[in-house]
Engineer: 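Take this structure, written in structure tokens, and hold onto it; I'll ask about it next.
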Amino acid sequence: MPGVIPVVSPPPSVVPVALRAKPLTAWQPGGADGASQPMPTEGPLVDRYGRVHTDLRVSVTDRCNLRCVYCMPEEGVAFRPRAEILSFEEIARVARVARRLGVISLRLTGGEPLVRKGIVELVRHVAAVGFDDVALTTNGTALAPLAQSLAQAGLQRVNISCDSLRPDRFAQIRRRGKLRAVLEAMDAAEAAGLAPLKVNVVVMAGVNDDEVIDFCTFARDHDRVVRFIEYMPLDAEGHWNRDQVVAGDELLARIAARWPLVACDPAGSDPAPAERYRFADGRGEIGVVASVTRPFCGTCNRLRLTADGAIRNCLFSDAELSVRTVLRSQGTDDELAVVLRRAVWGKLPGHGINDPGFLRPVRSMSMIGG
Ligand code: SAM
């Protein structure tokens, strides 16, 4: 059947970063070599490789009510002092500047965004900016009672993380919180119109990879998009190792052996991190975020604002520029815009996880915002 994915062999252990650099657009001054070009001062947020940035991830807190094994340590987490965390007004101001620079989608994340007091108010602030898409990533444990108010405040979609459908295993992976609350949150989100609902599953070899077929059944039965995410070297405890990564190709091969799959975007033109597949029988959809084995840096259009006011151009780069300094020294919107432009302009062609000299970033996932 055309478009049905073939069974693919596992990727080599060192996978080069895929760079599909787009040609530089006409408005950029200078020659053909991006590295020698001056940074543009107008037009969209573009980097040296022609990637236009239209997606802003905003971490609203580095705190979380869970302690997932792949993300945070169980005890002894050092959170940023409150005074360093951006206020709602500060976040909304950065969002407005980003919108002016062509950002069209905004995602609130964390830490756990729903533990930030007044989150509904923040959603109202950022939704008023006028993005095409306002979404939120949550562990779901506190979502059910808030779903309706979040939707009324302007939230359009949620991604809910859920790494196991078995209560005991859920407890082992997430170390706090209850599976039942997360499943109820999914129902509540859909009832509030926060759809389509995406369910994020971090797949770890020997931990939960035997649930891939169960998660597909779940996706098919509930019409929820389950996204399998490769385990990335962003856990706070530094336990990540390559053997625990289940390659996206391997997952797809396992799933396709049970239900044939059809790629939703075979040309790979969608900048979203997940490669999307429909089940060929028309029931349901899944996604694979193969950040480790099949990096999608060549089409990356994302930049990030950390809870303490740093702009990051990549999850894996320690290069940061502070908007907090500008915000708190009576800086202008134009000065904020320059920070965003500089951050994007400095972006490297790829995240480098598979380079021999790769060093994991100093900040772990919860301190950046996933
Ligand atoms: N607390 C929210 C949640 O649980 O969804 C939002 C923040 S969390 C950092 C965002 C996403 O990052 C979640 O889907 C989580 O599963 C994922 N994540 C965290 N650490 C990861 C890691 N080491 N590798 C891959 N994904 C990870």
Side-chain angles (χ1 to χ4, degrees), residues 11-21 34-35 45-51 53-59 62 68-73 80 107 109-111 137 159 161 200 202-204 227-248 271-275 288-323 339-340 342-370:
S13 56
V14 176
V15 182
V17 169
L19 172 60
R20 278 174 286 155
L45 271 175
V46 70
D47 68 14
R48 288 183 165 93
Y49 305 92
R51 293 170 296 194
H53 288 60
T54 57
D55 183 287
L56 177 66
R57 311 275 157 130
V58 177
S59 173
D62 57 346
C68 303
V69 290
Y70 52 75
C71 190
M72 291 178 86
R80 289 283 198 250
R107 173 173 298 278
T109 180
T137 303
N159 287 13
S161 306
N200 287 351
V202 178
V203 182
M204 301 173 76
R227 295 158 18 117
F228 298 107
I229 303 176
E230 287 182 353
Y231 180 26
M232 295 183 265
L234 288 168
D235 59 309
E237 292 169 300
H239 291 156
W240 180 91
N241 76 63
R242 202 166 281 275
D243 296 343
Q244 292 170 294
V245 178
V246 183
E275 296 163 27
V288 169
V289 183
S291 321
V292 178
T293 64
R294 204 156 50 212
F296 34 83
C297 307
T299 54
C300 181
N301 66 345
R302 282 169 293 284
L303 73 158
R304 293 184 151 77
L305 173 63
T306 66
D308 57 344
I311 298 286
R312 287 175 75 102
N313 59 26
C314 174
L315 272 176
F316 296 97
S317 164
D318 281 325
E320 299 184 344
L321 291 176
S322 174
V323 282
V339 176
L340 266 57
R342 280 182 51 210
V344 169
W345 193 244
K347 187 161 177 157
L348 296 174
H351 61 36
I353 300 181
N354 301 300
D355 296 350
F358 172 74
L359 291 175
R360 42 184 302 142
V362 173
R363 287 192 195 238
S364 55
M365 186 66 120
S366 67
M367 296 164 71
I368 303 170

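Sequential numbering from 1 along the given sequence is applied to the chain's residues.
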Engineer: Checking R51 side chain against R302 main chain: does a donor-acceptor pair fall under 3.5 Å?
Structural biologist: no
Engineer: Can you give me the closest heavy-atom contact between V344 and D47, atom names plus distance?
Structural biologist: O-CB, 3.1 Å
Engineer: Over all heavy atoms of both residues, which pair between P361 and P233 is shortest? Give the atoms and the distance, please.
Structural biologist: CD-O, 4.1 Å
Engineer: As a test of understanding, state which of T293, V289, V202, I353 forms a side-chain contact (heavy atoms from CB on, under 4.5 Å) with E230.
Structural biologist: T293
Engineer: Mind jotting down which residue pairs meet the salt bridge (charged side-chain N to carboxylate O under 4.0 Å, His left out) criterion with at least one end in residues 361-370? Sequence neighbours excluded, please.
Structural biologist: D308-R363, E320-R363
Engineer: Keeping the roles fixed (side chain from R48, backbone from W345), state whether a donor-acceptor pair exists under 3.5 Å.
Structural biologist: yes
Engineer: Could you tell me whether the side chains of N354 and R242 share a donor-acceptor contact shorter than 3.5 Å?
Structural biologist: yes
Engineer: Do F296 and E275 have side chains that get closer than 4.5 Å, going by heavy atoms?
Structural biologist: no
Engineer: For residues M232 and I229, report the shortest heavy-atom separation together with the two atoms involved.
Structural biologist: CE-CG2, 4.3 Å
Engineer: If every non-hydrogen atom of L56 is compared with every non-hydrogen atom of L305, which pair is closest and at what distance?
Structural biologist: CD1-N, 4.2 Å
Engineer: Looking at CG of L348 and OH of Y49, how far apart are the two atoms once the value is rounded to the nearest 0.5 Å?
Structural biologist: 6.5 Å
Engineer: Is a side-chain N or O of H53 found less than 3.5 angstrom from the main chain of L340, in a donor-acceptor match?
Structural biologist: no
Engineer: Is Q244 reaching over with its side chain to a backbone N or O of Y231, donor-acceptor style, under 3.5 angstrom?
Structural biologist: no
Engineer: What pair of heavy atoms forms the shortest contact from K347 to C300, and how long is it?
Structural biologist: NZ-SG, 3.1 Å
Engineer: Just jot down the side-chain contact (heavy atoms from CB on, under 4.5 Å) partners of V69, sequence neighbours excluded, or say none.
Structural biologist: I173, R175, M204
Engineer: Is the backbone of S59 close enough, under 3.5 Å, to the side chain of R304 for a donor and an acceptor to pair up by distance?
Structural biologist: no
Engineer: Is a side-chain N or O of T109 found less than 3.5 angstrom from the main chain of G370, in a donor-acceptor match?
Structural biologist: yes
Engineer: Which pair of non-hydrogen atoms, one from L321 and one from A343, has the smallest distance, and what is that distance?
Structural biologist: CD1-N, 3.5 Å
Engineer: Could you check whether T306 and R312, counting side-chain N and O atoms only, form a donor-acceptor pair closer than 3.5 Å?
Structural biologist: no
Engineer: Among residues at least two apart in sequence or on other chains, which ones pass side-chain contact (heavy atoms from CB on, under 4.5 Å) with D243?
Structural biologist: N241
Engineer: Could you go through the side-chain contact (heavy atoms from CB on, under 4.5 Å) check for H351 and L315 one step at a time?
Structural biologist: CA-CA 8 Å; H351 61 36; L315 272 176; over 6 Å; no
